[in-house]
Trainee: 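I'd like to ask some things about the structure below.
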2 protein chains.
Amino acid sequence: MTLDVERAGAPTLEEVARAAGVSRSTVSRVVNGSPNVTADVITAVTTAIDKLGYVPNRAARSLASRRTHAIALVIPENTAKFFADPYFASVIQGVAMHLASTDYTLSLLIASETESEKTRRYLQGGNVDGALILSHHSDDQAYVQLSRRMPVVFGGRPMSDDAYYVDVDNVAAARSATEYLVRRGKTRIATISGPHDMASGLDRLEGWRQALAAAGLPADLHEEGDFTPPSGEAAMRRLLARDEPFDGVFAASAQMASGALIALREAGLRVPEDVGIVSIDNDYFAQNALPPLTTVDQPSVRQGSTMADVLLRLIDGQDVPRTTIIPTSLVERASV
Amino acid sequence: MTLDVERAGAPTLEEVARAAGVSRSTVSRVVNGSPNVTADVITAVTTAIDKLGYVPNRAARSLASRRTHAIALVIPENTAKFFADPYFASVIQGVAMHLASTDYTLSLLIASETESEKTRRYLQGGNVDGALILSHHSDDQAYVQLSRRMPVVFGGRPMSDDAYYVDVDNVAAARSATEYLVRRGKTRIATISGPHDMASGLDRLEGWRQALAAAGLPADLHEEGDFTPPSGEAAMRRLLARDEPFDGVFAASAQMASGALIALREAGLRVPEDVGIVSIDNDYFAQNALPPLTTVDQPSVRQGSTMADVLLRLIDGQDVPRTTIIPTSLVERASV
DNA sequence: TTGTAGGCGTTATCAC
DNA sequence: GTGATAACGCCTACAA
């Protein structure tokens with residue numbers, strides 16, 4: 001009698017069709033929201049679906065439709081080294097949460113350079129409908145090429161022109177941070193920049209330069225870091241070793257600022273009394289530093305969700321601007 | 001002549017077969033490493049594969065084989081709030097990197113509670129071969145049930161018995177941290193514990209108790225936090241407000257310890273001179289605190305890769321112990 | 001060892 | 001509006 005009870009696998013579209021007394025095609029139409037279906041039929045099918053607990057088989061669906069409903073989030077391994085950086089965690093979170101409200105799936109790829117071929121094949125092998133590339137390095141070229149074969153969106157401006165990306169305006173962010181220092185009366189403003197092989201590193205340096213130029217101040221006190229706390233500490237030591245007094249510092253990341261704070265303290269310099277410091281990133285480094293850092297907030301969770309949004313539109317064939325800039329804002333705390 | 005050039009889609013198994021002059025079955029066998037194939041044939045097929053740049057179509061493969069070669073990493077949304085916690089980023093990284101050396105794919109799910117039904121269906125809908133659940137909360141029940149339908153491995157001991165999980169020995173970690181305080185001559189040792197609805201919170205509290213009991217010391221100075229810096233700061237304030245002097249503190253997380261440091265400093269207490277503090281987590285909070293924290297290192301990247309390893313074995317039908325404990329180690333710095 | 005044939009669960013193209 | 005009927009690309013008995 002109840003042959004259908006205790007079936008092994010999940011119910012199929014075919015079974016739903018039988019239960020609803022319609023054809024498979026019709027069930028498929030209902031499932032995919034086709035406009036040409038009678039209300040009665042929709043009701044019947046929906047009921048059957050609920051009763052049976054039907055869930056479309058993704059594999060079958062993508063085999064037939066040639067779309068996977070999956071996107072990849074690629075994190076080049078050299079970037080993964082910076083995984084500890086809360087920035088990446090936030091972006092990933094943003095992506096995942098945005099996707100949660102769609103029926104797309106997120107496939108996370110840590111792309112080791114030694115197996116880049118494998119990653120490339122995976123991406124081109126029709127496993128995903130599009131890719132998100134999270135990296136600020138100049139070695140993005142391979143991925144830029146990929147964007148000719150499928151929708152690709154970068155997080156952070158890639159070192160290439162014709163690519164879709166969403167980023168904060170790093171130049172403007174750095175400029176506003178530096179301008180804040182100027183407004184507070186600082187006249188000798190140094191910077192601890194990010195690495196020169198990352199667009200964000202370069203852009204923030206440029207913003208610092210612009211602000212100083214506009215204020216008629218010299219822009220010669222510059223040391224490079226790699227965004228991490230230790231590099232910030234080391235850079236500050238080098239700055240101090242120049243024996244060239246300064247009363248303000250723009251650090252390209254809060255992590256570096258927190259490192260710089262250590263070197264400053266060691267040197268017997270007080271913040272903000274002796275030197276004021278402003279940075280970028282409103283993460284817990286900024287929040288928990290001593291003193292808490294005045295910094296430029298770049299909403300990274302939002303960057304992630306925006307990236308996902310842009311990619312999905314691209315996949316959907318919509319017309320999307322190549323560049324999406326996320327606004328930043330200065331948050332004042334006690335370091336200046 | 002060259003009909004095959006400029007084809008639209010990716011090459012199929014069928015085309016490889018034709019190019020190699022064998023049947024599709026044989027190509028399939030070669031691709032899947034079947035033992036019963038002649039060396040010559042393998043060579044021929046492999047050559048054809050390389051020449052054509054063939055990549056198996058995942059959808060077709062899983063439709064036919066009923067295996068997806070994908071696993072899910074589920075992060076309950078309440079956990080996602082703690083996303084800023086470097087612990088999670090590390091675990092995710094570990095999982096992703098382990099998977100990179102296999103042909104499994106990682107599907108990252110942020111499971112909002114309001115859509116838990118959706119997540120459940122996704123998991124049960126045959127989209128993945130197994131799932132990793134990252135959570136320390138007691139609301140894991142739903143996922144424990146899931147483990148009856150497919151391989152599931154938890155990160156952190158779930159509040160249930162019959163589940164596979166990989167975790168650090170939180171009791172032992174807390175005990176060794178506390179014992180260290182005892183060895184350093186502290187006689188009045190307080191604790192800032194984690195939340196009581198997380199196994200790790202409870203276990204670390206228990207470890208603290210055990211160490212004190214063994215040393216014949218009272219275990220009454222206890223305040224609860226939620227693993228975040230602010231909660232640690234607040235807990236320390238409450239501890240201080242008790243007006244019950246103490247010379248040692250075991251904080252269940254480095255983040256809370258860093259918060260506690262702030263309250264301690266405000267109260268004019270010096271670390272380590274007046275009170276020694278030990279915590280768990282060797283993250284940058286521990287490394288960059290002032291003073292740097294003596295702490296118990298729990299290798300979270302490794303926990304992630306181990307979780308993936310266990311799950312893959314489970315999927316492979318291997319016999320795996322339900323519990324995998326990752327060793328921890330004490331790293332001495334300047335806070336005691 | 002290798003080939004044949006049928007099927008995996010959907011979608012898509014047609015007729016009706 | 002709805003229903004047959006091919007694909008979609010691969011796996012897997014089973015046969016040879």
Trainee: Taking side chain as C-beta onward, heavy atoms only, is Met150(B) less than 4.5 Å from Val128(B)?
Mentor: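 They are in contact (side-chain heavy atoms under 4.5 Å apart), so the answer is yes.
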Trainee: By salt bridge (Lys or Arg N to Asp or Glu O under 4.0 Å), which residues pair with Asp309(A), not counting sequence neighbours?
Mentor: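 With neighbours one apart ignored, the set is Arg313(A).
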Trainee: Side chain to side chain contact (heavy atoms under 4.5 Å, CB included) with Asp319(B): which residues, sequence neighbours excluded?
Mentor: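 Testing Asp319(B) for side chain to side chain contact (heavy atoms under 4.5 Å, CB included), a comparison that skips the adjacent residues, returns none.
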Trainee: Just how far, in rounded Å, is P of dC8(D) from CG of Asn57(A)?
Mentor: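 To the nearest whole Å, that distance equals 18 Å.
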Trainee: Which of residues 33-46 of chain A sit near DNA chain D, with a heavy atom under 4.0 Å from it?
Mentor: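 Result for residues 33-46 of chain A: Asn36(A), Val37(A), Thr38(A), Val41(A), sorted by number.
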Trainee: Do any side-chain nitrogens or oxygens of Thr26(A) fall under 4.0 Å of OP1 or OP2 in dG3(D)?
Mentor: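 Result: yes.
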Trainee: When you compare the side chain of Arg29(A) with that of Val45(A), does any pair of heavy atoms fall below 4.5 Å?
Mentor: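 No, every pair of side-chain atoms sits at 4.5 Å or beyond.
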Trainee: Go nucleotide by nucleotide along DNA chain C from the 5' end; which of Val27(A) and Val22(B) gets its closest nucleotide reached first?
Mentor: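 Whichever sits nearer the 5' end wins; that is Val22(B).
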Trainee: Apply side-chain hydrogen bond (donor to acceptor under 3.5 Å, both in side chains) to Ser107(B) and list each qualifying residue two or more places apart in sequence or on a separate chain.
Mentor: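 Ser107(B) satisfies side-chain hydrogen bond (donor to acceptor under 3.5 Å, both in side chains) with Tyr122(B) once adjacent residues are dropped.
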Trainee: Taking heavy atoms of chain B and a 4.0 Å limit, find me the 5'-most and 3'-most nucleotide of DNA chain C within that range.
Mentor: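 So the outermost contacting nucleotides come out as dT1(C) to dG9(C).
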Trainee: Which pairs would a plain distance check flag for residues 47-63 of chain B, meaning a side-chain donor or acceptor within less than 3.5 Å of a matching protein atom at least two apart in sequence or in another chain?
Mentor:
unit_1: Thr47(B); atom_1: OG1; unit_2: Thr43(B); atom_2: O; d: 2.7
unit_1: Asn57(B); atom_1: OD1; unit_2: Ala59(B); atom_2: N; d: 2.8
unit_1: Asn57(B); atom_1: OD1; unit_2: Ala60(B); atom_2: N; d: 2.8
unit_1: Arg58(B); atom_1: NH2; unit_2: His69(B); atom_2: O; d: 3.0
unit_1: Arg58(B); atom_1: NH2; unit_2: Asp103(B); atom_2: O; d: 3.2
unit_1: Arg58(B); atom_1: NH2; unit_2: Thr105(B); atom_2: OG1; d: 3.1
unit_1: Ser62(B); atom_1: OG; unit_2: Arg58(B); atom_2: O; d: 3.2
unit_1: Ser62(B); atom_1: OG; unit_2: Ala59(B); atom_2: O; d: 3.3

Trainee: Heavy-atom nearest nucleotide on DNA chain C for Leu63(B) versus Arg61(A): which residue maps closer to 5'?
Mentor: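 Residue closer to the 5' terminus by nearest nucleotide: Leu63(B).
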Trainee: Polar atoms only, N or O, under 3.5 Å: list the protein pairs with nucleotides 12-16 of chain D and their distances.
Mentor:
none

Trainee: Can you give each donor-acceptor pair under 3.5 Å made by side-chain atoms of residues 32-40 of chain A, sequence neighbours left out, with the distance rounded to 0.1 Å?
Mentor:
unit_1: Asn32(A); atom_1: ND2; unit_2: Ser28(A); atom_2: O; d: 2.8
unit_1: Asn32(A); atom_1: ND2; unit_2: Ser28(A); atom_2: OG; d: 3.4
unit_1: Ser34(A); atom_1: OG; unit_2: Asn36(A); atom_2: N; d: 3.4

Trainee: Would you check if Leu13(B) and Val31(B) make a side-chain contact, meaning some heavy-atom pair closer than 4.5 Å?
Mentor: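 Sidechains of Val31(B) and Leu13(B): no contact.
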Trainee: I need the Gln93(A) CD to Leu108(B) CG distance, nearest 0.5 Å.
Mentor: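 Spacing of CD (Gln93(A)) from CG (Leu108(B)) equals 10.0 Å.
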Trainee: Please work out if Leu13(B) contacts a base, only the sugar-phosphate, or nothing of the nucleic acid, heavy-atom cut-off 4.0 Å.
Mentor: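 Here Leu13(B) touches the backbone only, sparing every base.
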Trainee: Taking only residues two or more places apart in sequence, or in another chain, which ones meet Thr306(B) in a side-chain hydrogen bond (donor to acceptor under 3.5 Å, both in side chains)?
Mentor: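 Testing Thr306(B) for side-chain hydrogen bond (donor to acceptor under 3.5 Å, both in side chains), a comparison that skips the adjacent residues, returns none.
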Trainee: Taking the side chain as every heavy atom from C-beta outward, state whether Tyr104(B) and Ile315(B) have any atom pair closer than 4.5 Å.
Mentor: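 Of all side-chain heavy-atom pairs linking Ile315(B) with Tyr104(B), at least one is under 4.5 Å.
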Trainee: Once side chain to side chain contact (heavy atoms under 4.5 Å, CB included) is applied, do any residues pair with Ser147(A), and if so which ones, sequence neighbours excluded?
Mentor: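 By the side chain to side chain contact (heavy atoms under 4.5 Å, CB included) rule, Ser147(A) matches Val144(A), Val152(A).
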Trainee: Over its full length, what angle do the end axes of the helix from dT1(C)-dA16(D) to dC16(C)-dG1(D) make, each axis taken from five pairs and the result rounded to 10 degrees?
Mentor: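 Inter-axis angle at the termini of the helix from dT1(C)-dA16(D) to dC16(C)-dG1(D): 30°.
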Trainee: List for me each residue that meets side chain to side chain contact (heavy atoms under 4.5 Å, CB included) alongside Ala64(A), sequence neighbours excluded, and say none if there are none.
Mentor: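 Ala64(A): no side chain to side chain contact (heavy atoms under 4.5 Å, CB included) contacts found.
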